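Worksheet for the structure shown next.
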Amino acid sequence: MSHVAEITRSLINEQSVMQFSKSKPWLKSLRSDGINAFIKDGLPDTNIENWKYTNLNQLNGVTGVRSPKVVVNKNQISWLLNEVETNQLVFVNGYFQEYLSKIIDVGQGIRIAPLCDELVNSDFIHNYLGKIGSTTGNPLFALNTAFIEDGCSIVVEDCKSVKPLEVIYISNGSNATCHHPRNIIVARNNAEINIIERHIGIGDEVYVSNGATEILAEDYSTINHYRVFDDAVNGINLSSVRAVVKDYSYYNSFVLSTGGRLNRCEINVACAGERANTSLSGVYIARDKQHMDHTTSIEHLVPNTTSVENYRGALDGSARGVFQGSIVVAEGADGTDGRMSNKNLLLSPKAEVNAKPQLEIYADDVQCAHGCTTGELDEEALFYLRSRGISEKNARAILVEGFLNEAFSGIQEQTILNVFHKKIRDWMVI
Amino acid sequence: MLEINNLHVNVGETEILKGLNLKINAGEVHAIMGPNGAGKSTLSYVLSGRVGYEVTKGSIIYQGKNLLDMEPEKRAGEGIFLAFQYPVEIPGVSTMNFLKAAVNSVRKYRGKKEFDAMEFLKFVREQTKILNISDDMLKRAVNVGFSGGEKKRAEVLQMAVLDPILAVLDETDSGLDVDALRIVGEGVTALRSSERSMLVITHYQRLLDYIVPDVVHVLASGKIVDTGDKNLALELEKNGYETYSEAAA
């Protein structure tokens, strides 16, 4: 039996022994849909087109056992948005940690809560959970669904905007266990949400975080979704985002990946309403043997929707970067404007990038463009900086930083932009 | 201050400079003129330490030190500045941050205290006023989307803030209209001092109306073939380089 099949089996066994018996019937049925879909597809191997460049054999040794509840001290946590008043949620191994969290926006159409509370207290979240994303053809999302237990849930009603929400996901690895945080982000009509997520790891043992997030931007709403993947050295972070964007709304995603042994960050957006917009920006910086995979797909389902995509990567050591981007323009979705750009810098002869842009267009009146480049640092620019007295090492750092920062030119919020820039600078000076 | 002796330089297999001699004293402004392909830009790159220019014979002594042993950043620290003929665009790096990194690098090299953000802003604003450079331009990425005039003004600004001992201006007049030429010319002239030497490389005489040279050289086929005062530049403007090309060949 292949590694992948072995891991699949152990994950299924684990789900069957989980004690979900007290759950509400709809939730039980959602979880069993998840496990059935996962059993049908299994853990993807490299024969699946979407997984061609990322081999989950790296999960070898992963047992599927649910990560334990562990206690983390307050002093192990640093907030990115320190100086701004924010809602703060902390999850450790997927479990909400109330004593580390602080929710300041409550009531009056704003619902911020750990998913575990939403699952127990009412059926409200049933309106959204499992209804935005689909388990069909998404085995990791299905697996996450099989283990739905906790995560971040935020629903903002009409015309409301919330203070920024910062969520920290801490993985404390032990014996290659898994956790499956599940998040829901819903902006009702005219609402605005800014959410910044950070994924960190403690220790150097293997763990698997298999997160899934369902996002719904209803009419005239805006969701700005910032994520920083800072996983620990042996951390494996798999994440799937499914966003549906309705009339005149925006889903803007900014991803910065620097950590972990293996990172697969998958985003799937449906522009499903008139004049829906999405912009996906990302930076991946990797060294040693890190593997970072950013896979996106954008579906333009109705006329006059727009998407902009800008991913940049810098790969050092023997690191490998993967970018897969697909834009699908459905039949009748005239007036679509879709633009995709992916640029990579190879900083060492052993670093590698696999880039695969894809356009599928079934409508007539459409503007779509994509471009991928992979290259080395510009020697001419390097000499220019050095001729101004800047050391070769600093000149390289300045050029790489400048190259990467371009991906985040769409960030309007200066505080967050500074956080992203600083993260990139910190990576450069290591 | 600068002494170049019998300099031979290859680019790839081709010999470009073929025994060039040049001596510049402190505070002097020398102009080098010459036809296309004479080796003018090669000389500027050899002085600033660009890779791909192989010195096969000869020496460059700068302030008593062997310049050819130094990395480009060390040369900058020692006071050599090259204003590029084609300034390089650097997307994603703001002009302000670039200038600050450069100035603090050379200050550190020269044993001076590095500027903090506020000190630097004050320092750089003194210079931008003279060169008609807006704050907006400093916020933009280095040379990206700059007009020809803006690029050259930015080069002169870099020269001003880096406080060089020897400034090499490589065809700084190329791509400039009359007004931009005047601003650049006056900007450079304002930087003349008894401790600063300049080597102005140009194809045309017009820049020398603003930056009046002490000595004018003609570079043809990899050698200095004639030397005179500023009147030599006027003669060249009238008669062209044809006689030198023939002589060298």
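Fair warning: this is a prediction, and the values are worked out from it, not measured in the lab. Atoms considered below: every heavy atom in the structure, side chains included; atoms not considered: hydrogens, waters and symmetry mates. Here is the naming used below: chain letters follow the sequence lines, and residue numbers restart at 1 for every chain.
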Practice prompt. Tell me, yes or no, whether the heavy-atom count around A:F383 atom CZ, taken from other residues, nucleotides or ligands under 6.0 Å, exceeds 12.
Written response: yes
Worksheet item: Heavy atoms, side chains only, cut-off 4.5 Å: are B:P91 and A:F403 in contact?
Response: no
Fill in: Residues from residues 49-57 of chain B approaching chain A under 4.5 Å (heavy atoms)
B:G49, B:R50
Worksheet entry | Nearest heavy atoms of B:V88 and A:A381, plus distance in Å | CG1-CA, 3.8 Å
Worksheet item: Between CZ of B:F81 and OG of A:S387, what distance do you get to the nearest 0.5 Å?
Response: 7.0 Å
Fill in: chain B contact via A:E392 - which portion, at a heavy-atom distance below 4.5 Å
both
Worksheet entry | chain B contacts, top residue of A:S391, A:A395, A:S409, A:A407 (heavy-atom pairs, under 4.5 Å) | A:S391
Discussion item. Ignoring hydrogens, what is the shortest heavy-atom contact between A:I398 and B:A101? Give both atom names and the distance.
Written reply: CD1-CB, 3.9 Å
Worksheet item: Which pairs with one or both residues in residues 123-133 of chain B pass salt bridge (charged side-chain N to carboxylate O under 4.0 Å, His left out), sequence neighbours excluded?
Response: B:R125-B:D135
Discussion item. With ring-ring contact (aromatic ring centres under 6.0 Å, His included) as the rule and sequence neighbours excluded, what pairs involving residues 124-165 of chain B come up?
Written reply: none
Worksheet item: So with a 6.0 Å cut-off around CD of A:E376, is the heavy-atom count from everything else above 12?
Response: no
Response to the item:
Separation between CD (B:E71) and CZ (A:R386), nearest 0.5 Å, reads 5.0 Å
Item to complete: Check the pair B:L162 / A:R388 against side chain to side chain contact (heavy atoms under 4.5 Å, CB included), numbers first and verdict last.
Response: CA-CA 8 Å; B:L162 291 174; A:R388 269 53 179 146; 3.8 Å; yes
Discussion item. Quick check on B:P87 against chain A: is it the side chain, the backbone, both or neither that has a heavy atom closer than 4.5 Å?
Written reply: both
Practice prompt. Dump the intermediate steps for ring pair (Phe, Tyr, Trp, His ring centres under 6.0 Å) on B:Y86 and A:Y384, then the final yes or no.
Written response: CA-CA 10 Å; B:Y86 303 110; A:Y384 189 66; over 10 Å; no
Worksheet item: Should A:L385 and B:F98 count as side-chain neighbours, where that means a heavy-atom distance under 4.5 Å?
Response: yes
Worksheet item: More than 12 heavy atoms of other residues, nucleotides or ligands under 6.0 Å from NZ of A:K343: is that the case?
Response: no
Worksheet entry | CD1 on B:I90 to CG on A:L382, rounded to 0.5 Å | 9.0 Å
Worksheet item: By number, which residues in residues 305-323 of chain A have some heavy atom less than 4.5 Å away from chain B?
Response: none
